[in-house]
Amino acid sequence: MSKFKTYHIEKVVLWSSLLLFLFSCSGNGDEKICQVGDEILYETELINRMELIDSDLSEQESKDKAIEEWIQEQQIALEIEHISPDVKKAHEIRVRHELMQLNLFELENNFITQHLDSVISEEEIQSYYTSHRENYKSESFIVRALYIKIPDTLATALKIDKSYLLKNDKDLTEVKKIANLYATNFYFEKERWIYFDDLVREISISANKKEELVKNRGNAIFKENGETHYVNVLDFRTKTISSPMEIERAGIKRHILKRRVNDLRNKAKETILEDVKEKYPISYY
């Protein structure tokens with residue numbers, strides 16, 4: 001992507017204002033607004049400048065601000081001309097160069113808009129997903145664990161905060177009994193492996209907290225929305241899994257379009273420069 005895309009709008013406004021000064025109109029019947037030195041601000045230029053002002057301002061506020069900015073520009077220009085005319089000339093050349101680059105960037109954007117094919121086939125999506133499959137793999141925790149969810153009021157009355165730690169067989173029997181009678185959700189397949197994210201999908205847990213709980217084979221109590229969640233991790237493993245293509249589809253489309261835009265931008269600059277050479281011939285003296 002061209003580095004010029006990162007330019008801020010503030011720079012665009014500044015350069016536009018400077019160029020309005022450098023190439024200000026000679027009048028052509030415009031009403032004069034004010035004058036600093038030999039430079040005159042005409043109504044047409046004032047209107048153009050007002051269009052660059054923050055739209056939150058009233059018309060009069062925009063007008064006043066535009067006039068004030070123009071006056072300051074002329075006064076600063078006169079002072080730098082007086083102090084260091086060579087610096088002023090160098091700055092004007094830089095401004096013209098920056099303006100050329102901005103204009104070229106806009107011509108590139110126009111070229112891309114005209115030539116970009118935004119239709120992406122299913123075959124392209126599948127091909128991109130297959131060739132970049134490693135990018136869609138991640139390490140996930142699978143665990144042997146117990147989980148139970150009980151309304152807060154019952155959890156307090158049943159006093160299972162200690163028994164869910166499963167320090168003996170009696171605790172497990174007690175927790176199973178409570179789960180069957182009062183739980184709104186539970187998982188007691190302690191010999192089977194399950195993805196930890198699936199086990200705690202009803203709980204808001206940060207990634208760091210998940211990792212700490214699993215790796216420590218720990219236990220925790222979470223209270224959310226009137227429910228108490230008990231989690232007890234008995235063992236864990238890590239497993240590499242691939243994110244399904246359906247989940248990544250939108251992102252893949254963006255990557256493919258971005259690649260097409262980049263290819264077109266590389267082609268656009270060369271094409272535009274060749275076109276303007278033919279369209280606007282050079283006369284040397």
Side-chain angles (χ1 to χ4, degrees), residues 1-6 8 105 108-109 111-152 164 179 183-268:
M1 185 67 69
S2 171
K3 66 177 182 179
F4 303 112
K5 190 169 185 180
T6 62
H8 297 298
F105 180 68
E108 290 174 3
N109 289 342
F111 180 92
I112 291 169
T113 300
Q114 292 179 351
H115 295 85
L116 179 63
D117 179 9
S118 59
V119 177
I120 301 174
S121 68
E122 188 65 25
E123 290 74 15
E124 286 179 285
I125 296 174
Q126 180 65 60
S127 176
Y128 188 96
Y129 177 79
T130 301
S131 60
H132 296 82
R133 200 176 190 93
E134 289 300 316
N135 296 339
Y136 304 112
K137 289 183 178 180
S138 61
E139 291 289 327
S140 291
F141 291 117
I142 57 173
V143 297
R144 289 193 302 107
L146 303 179
Y147 165 76
I148 182 172
K149 180 178 74 170
I150 298 177
D152 285 346
Y164 98 102
T184 52
N185 192 11
F186 64 92
Y187 178 86
F188 279 163
E189 302 291 336
K190 70 173 188 175
E191 299 303 324
R192 296 181 61 181
W193 294 92
I194 184 174
Y195 283 107
F196 187 68
D197 283 341
D198 290 340
L199 183 71
V200 297
R201 61 180 178 273
E202 296 184 53
I203 312 172
S204 300
I205 313 178
S206 68
N208 289 338
K209 180 63 177 178
K210 286 181 182 180
E211 184 172 355
E212 178 186 354
L213 181 58
V214 171
K215 288 187 173 181
N216 289 333
R217 294 177 175 83
N219 50 74
I221 302 173
F222 303 92
K223 293 182 179 292
E224 289 189 12
N225 302 318
E227 301 275 4
T228 301
H229 305 259
Y230 299 88
V231 180
N232 192 333
V233 178
L234 307 177
D235 198 3
F236 81 95
R237 295 175 184 172
T238 57
K239 185 175 182 180
T240 300
I241 61 172
S242 295
S243 177
M245 189 181 74
E246 287 303 316
I247 294 178
E248 303 295 341
R249 179 181 299 276
I252 291 174
K253 284 186 174 182
R254 288 194 297 270
H255 283 299
I256 293 174
L257 280 176
K258 183 178 180 180
R259 185 166 58 186
R260 290 181 183 178
V261 167
N262 289 339
D263 291 343
L264 282 172
R265 191 171 296 281
N266 292 333
K267 179 182 178 181

Check your understanding: Between Val200 and Phe222, does a side-chain contact (heavy atoms from CB on, under 4.5 Å) hold up when you go through it step by step?
Key -> CA-CA 10 Å; Val200 297; Phe222 303 92; over 6 Å; no

Exercise for review: For the pair Glu124 and Arg260, evaluate salt bridge (charged side-chain N to carboxylate O under 4.0 Å, His left out) and give the outcome as yes or no after the intermediate values.
Suggested key: CA-CA 12 Å; Glu124 286 179 285; Arg260 290 181 183 178; 2.7 Å; yes

Exercise for review: Would you please test Glu123 and Ser127 for side-chain hydrogen bond (donor to acceptor under 3.5 Å, both in side chains) and show each step?
Suggested key: CA-CA 6 Å; Glu123 290 74 15; Ser127 176; over 6 Å; no

Check your understanding: salt bridge (charged side-chain N to carboxylate O under 4.0 Å, His left out) between Arg249 and Glu122: does it pass, once the steps are laid out?
Key -> CA-CA 10 Å; Arg249 179 181 299 276; Glu122 188 65 25; 2.8 Å; yes

Review point. What do the steps show when you test Asn109 against Arg265 for side-chain contact (heavy atoms from CB on, under 4.5 Å), and what is the final call?
Key: CA-CA 8 Å; Asn109 289 342; Arg265 191 171 296 281; 2.8 Å; yes

Review point. For Arg201 and Asp198, what are the C-alpha separation, side-chain angles and deciding distance, and is it a side-chain contact (heavy atoms from CB on, under 4.5 Å)?
Key: CA-CA 5 Å; Arg201 61 180 178 273; Asp198 290 340; 4.1 Å; yes

Review point. Given the rule in the side-chain contact (heavy atoms from CB on, under 4.5 Å) test, do Ile120 and Tyr128 qualify, once you have shown the distances and angles that lead to the verdict?
Key: CA-CA 11 Å; Ile120 301 174; Tyr128 188 96; over 6 Å; no

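Interatomic distance, Ile241 CD1 to Tyr195 OH, rounded to the nearest 0.5 Å: 5.0 Å. Between His229 atom NE2 and Ile150 atom CD1 the span is 11.0 Å, to the nearest 0.5 Å. One finds the CH2 atom of Trp193 at 4.0 Å from the CZ atom of Arg237 (value rounded to the nearest 0.5 Å). Atom CD1 of Ile142 is separated from atom CG of Leu199 by 12.5 Å, given to the nearest 0.5 angstrom. Rounding to the nearest 0.5 Å places CG of Asp117 at 8.5 Å from CG of Leu257. Atom CG of Asn232 sits about 11.0 Å away from atom CZ of Arg144, to the nearest 0.5 Å.
For CZ of Arg217, the number of neighbouring non-hydrogen atoms (other residues, nucleotides, ligands) closer than 6.0 Å is greater than 12. Residue Lys215 qualifies as open at atom NZ: its count of foreign heavy atoms under 6.0 Å is 12 or below. The neighbour count for Lys253 NZ, taken as heavy atoms of other residues, nucleotides or ligands under 6.0 Å away, does not exceed 12. Around atom CG of Asn225, no more than 12 heavy atoms belonging to other residues, nucleotides or ligands sit under 6.0 Å away.
The aromatic rings of Phe186 and Phe188 sit tilted, their planes meeting at an angle between 30° and 60°. In this pair, Phe141 and Phe236 present their aromatic rings perpendicular. The plane angle is above 60°, beyond the 30 to 60° band.
Under the 4.5 Å side-chain criterion, counting only non-hydrogen atoms from C-beta, Asn219 is not in contact with Tyr230. No side-chain heavy atom of Glu189 sits under 4.5 Å from any side-chain heavy atom of Ile194.
The side chain to side chain contact (heavy atoms under 4.5 Å, CB included) with Val231 is formed by just one residue from the set Val143, Leu146, Ile203, Ile221; it is Ile203.
Using modelled atom types and a 3.5 Å distance limit, the side chains of Ser140 and Lys239 yield no donor-acceptor pair.
Pro151 and Glu227 get closest at one heavy-atom pair: N-OE1, 3.2 Å. Here the closest heavy-atom approach between residue Tyr129 and residue Ser243 is recorded as OH-O, 2.6 Å. When every heavy atom of Glu224 is checked against every heavy atom of Ser204, the shortest pair comes out as OE2-N, 2.8 Å.
Between Tyr136 and His132, the distance from one ring center to the other does not fall under 6.0 angstrom.
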